[in-house]
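First the structure, in the form of structure tokens, and then the observations on it.
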Number of protein chains: 2
Amino acid sequence: MAEPRNRCLSPQEISRRLERHGVQPTAQRIAICQYVLCEAEHPTADDIKQWADKNFPKMSRATVYNTVNTLIEAGLLREFRFPHDSKTVYDDNISDHYHFLDETTGEIIDIDGKDIEIKLRNEQRFIVKNAEVLLRGKLVKKKGV
Amino acid sequence: MAEPRNRCLSPQEISRRLERHGVQPTAQRIAICQYVLCEAEHPTADDIKQWADKNFPKMSRATVYNTVNTLIEAGLLREFRFPHDSKTVYDDNISDHYHFLDETTGEIIDIDGKDIEIKLRNEQRFIVKNAEVLLRGKLVKKKGV
DNA sequence: CCATATTTTTAGATTAAATCTAATTATAGA
DNA sequence: TCTATAATTAGATTTAATCTAAAAATATGG
């Protein structure tokens, strides 16, 4: 539904990418990357576990958490927690960006950092290092092609 | 440390305020309001419980949650969950506003809705109903008086 | 290739925040 | 006062995530 990023990596490509980031490319990690870097859109740990249960011989819940945290440390993944849900979601979009929540479907869509401008008025007290933004509303259906 | 809002309400004033919002003014609720509406700044449920343990004969943890949720339903309180912490915080500022997190102290400061302008570019897909913003950074020390 | 050190994975226990349950207590209204 | 309704309570439960320590896999050095 959303536009693909670096989607569609072969296990070999994933493996090299992990190595370049100093992460041992184990079978479990490659499988999880297949999902979080290629297939999924803002998955939760539970989403990953369910995917693994279908697509991997046997994987512990702890491995899911170990792996996403390793990927985060390696700079391959980011985690977000939003006010409307208690589950952490993982995002392979590691560039500066914000989020839009479609309130009818619950879908979260990335918004490029360049596409949002935040202006702070009447405030000399703050040195702002970064901003986290969640816009909420409805998604407009595109017409035609 | 932060500037007071409607701080300093007597038990009678709190009681009337609860009644006006269709909430039975019980001893527990009045006590909790004393704290969340008058004394505290973005308290967590745990903060409320700890305060109650010092200032109220005996209060169950369930009552803390029951009460804040009742106050939220009644429109007297809002809840916020931020990405940097897993605890829900409660805020008696029910007007449109955003937040600033002082990363050195962990303090959260309200920013009036009018003081932030959010501009969305290159995006025709979204009908934005509301925005949640958390700015992070450092608080500048005010000089002199 | 082998021996061994290091790293990863695992099942199950644990933690932490919040909610639920069902019994007790308080309150409101006739 | 009597009775219905609402609120409070202790403790159990749920949920997301982490921790533990044993087992399995992998890397390294000769």
Side-chain angles (χ1 to χ4, degrees), chain A residues 11 14-16 18-19 21-36 42-53 55-74 76-90 106, chain B residues 11 14-16 18-19 21-36 42-53 55-74 76-90 106:
Chain A
I14 290 172
S15 189
R16 273 191 274 111
L18 288 172
E19 277 175 339
H21 284 79
V23 177
Q24 267 190 44
T26 66
Q28 286 88 342
R29 286 171 178 170
I30 291 167
I32 288 175
C33 282
Q34 202 77 251
Y35 182 63
V36 300
H42 302 104
T44 63
D46 213 62
D47 292 333
I48 299 169
K49 179 67 168 74
Q50 276 176 250
W51 178 90
D53 286 345
N55 299 278
F56 197 85
K58 196 152 166 273
M59 195 184 298
S60 162
R61 187 166 291 277
T63 298
V64 173
Y65 283 105
N66 289 343
T67 299
V68 291
N69 288 331
T70 298
L71 295 175
I72 288 164
E73 266 188 71
L76 285 161
L77 206 61
R78 292 183 63 182
E79 66 180 347
F80 290 99
R81 223 162 325 154
F82 297 116
H84 68 288
D85 190 28
S86 58
K87 292 183 186 178
T88 299
V89 306
Y90 302 94
Chain B
I14 289 172
S15 189
R16 273 189 275 109
L18 289 172
E19 276 173 340
H21 285 80
V23 177
Q24 266 190 45
T26 65
Q28 287 87 341
R29 286 170 177 172
I30 291 167
I32 288 176
C33 283
Q34 202 75 252
Y35 182 62
V36 300
H42 303 105
T44 64
D46 212 63
D47 292 334
I48 299 169
K49 181 67 168 72
Q50 277 176 250
W51 179 91
D53 286 345
N55 299 277
F56 197 85
K58 198 151 165 272
M59 195 184 298
S60 161
R61 186 165 293 276
T63 299
V64 173
Y65 283 106
N66 288 344
T67 299
V68 291
N69 289 330
T70 299
L71 296 175
I72 288 165
E73 266 187 71
L76 286 162
L77 205 61
R78 293 182 63 181
E79 66 180 345
F80 290 99
R81 222 163 325 157
F82 297 115
H84 68 289
D85 190 28
S86 59
K87 292 183 185 177
T88 300
V89 306
Y90 302 95

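Here is the naming used below: chain letters follow the sequence lines, and residue numbers restart at 1 for every chain.
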- Choose from dA16(D), dA7(D), dC19(D) the nucleotide whose nearest atom is closest to any side-chain atom of Gln24(B). dA7(D)
- Task: Inspect the surroundings of CD in Glu73(A) and state if more than 12 heavy atoms from other residues, nucleotides or ligands are less than 6.0 Å away.
- Result: no
- Query: Within a strict 4.5 Å, meaning less than it, do heavy atoms of the Tyr90(B) and Ile72(B) side chains meet?
  - Reply: yes
- Message: Base, sugar-phosphate or nothing for Arg29(B)? Non-hydrogen atoms, less than 4.0 Å.
- Response: sugar-phosphate
- Find the distance Ile30(A):CD1 to dA25(D):C1' and express it as a whole number of Å. 13 Å
- Message: For Phe56(A) versus Ala31(A), what's the shortest heavy-atom pair and its separation?
- Response: CD1-CB, 3.5 Å
- Checking dG12(C), dT9(C), dA6(D) against the side chain of Thr63(A) (C-beta onward), the nearest is dT9(C)
- Atom pair distance, as rounded to whole Å: NZ in Lys58(A) and P in dA23(D): 14 Å
- Query: What's the closest nucleotide to the Gln28(B) side chain, out of dG11(D), dT8(D), dT10(C)?
  - Reply: dT8(D)
- Nucleotide dA16(D), atom C1' - distance to CZ of Phe80(A) in whole Å: 19 Å
- Could you check how far CD of Glu73(B) sits from C1' of dA6(D), rounded to whole Å? 14 Å
- Options dA18(C), dA17(D), dA28(C), nucleotide nearest the side-chain atoms of Tyr65(A): dA17(D)
- Message: Regarding Thr26(B), tell me which of base, sugar-phosphate or nothing describes its non-hydrogen contacts under 4.0 Å with the strands shown.
- Response: sugar-phosphate
- Query: Does Pro25(B) or Tyr90(B) map to a spot on DNA chain C nearer the 5' end, using the closest nucleotide for each?
  - Reply: Tyr90(B)
- Task: Walk me through it: do Ser60(A) and Gln28(A) pass the test side chain to side chain contact (heavy atoms under 4.5 Å, CB included)?
- Result: CA-CA 10 Å; Ser60(A) 162; Gln28(A) 286 88 342; over 6 Å; no
- How would you label the contact of Thr88(A) with the nucleic acid (heavy atoms, under 4.0 Å): base, sugar-phosphate, or nothing? sugar-phosphate
- Message: Between P on dA16(C) and CZ on Arg81(B), what's the gap in Å once rounded to a whole number?
- Response: 18 Å
- Item | Residues Met59(A), Val64(A); criterion side chain to side chain contact (heavy atoms under 4.5 Å, CB included); working and verdict | CA-CA 8 Å; Met59(A) 195 184 298; Val64(A) 173; 4.0 Å; yes
- Would you classify Asn69(B) as touching base, sugar-phosphate or nothing, given that sugar-phosphate means primed atoms plus P, OP1 and OP2, and contacts are heavy atoms under 4.0 Å? sugar-phosphate
- Sugar-phosphate, base or nothing in reach of Asn66(A), heavy atoms under 4.0 Å: base
- Item | Length of the NZ-P vector between Lys49(B) and dT8(D), whole Å | 14 Å
- Message: How many whole angstroms separate atom CZ of Arg61(B) from atom P of dT9(D)?
- Response: 13 Å
- Query: Nearest-Å distance, CZ (Phe56(B)) to C1' (dT9(D))?
  - Reply: 12 Å
- Note on the structure: Ala45(B) has its side chain closest, among dA17(C), dA28(C), dA18(C), to dA18(C)
- Message: Closest-nucleotide mapping onto DNA chain C: is Asp46(B) or Glu19(B) further toward the 5' terminus? I mean the 5' end.
- Response: Asp46(B)
- Nucleotide of dT9(D), dT27(C), dA18(C) approaching Ser60(B) most closely (side-chain heavy atoms): dT9(D)
- Side-chain contact, heavy-atom cut-off 4.5 Å: Val89(A) with Asp47(A)? no
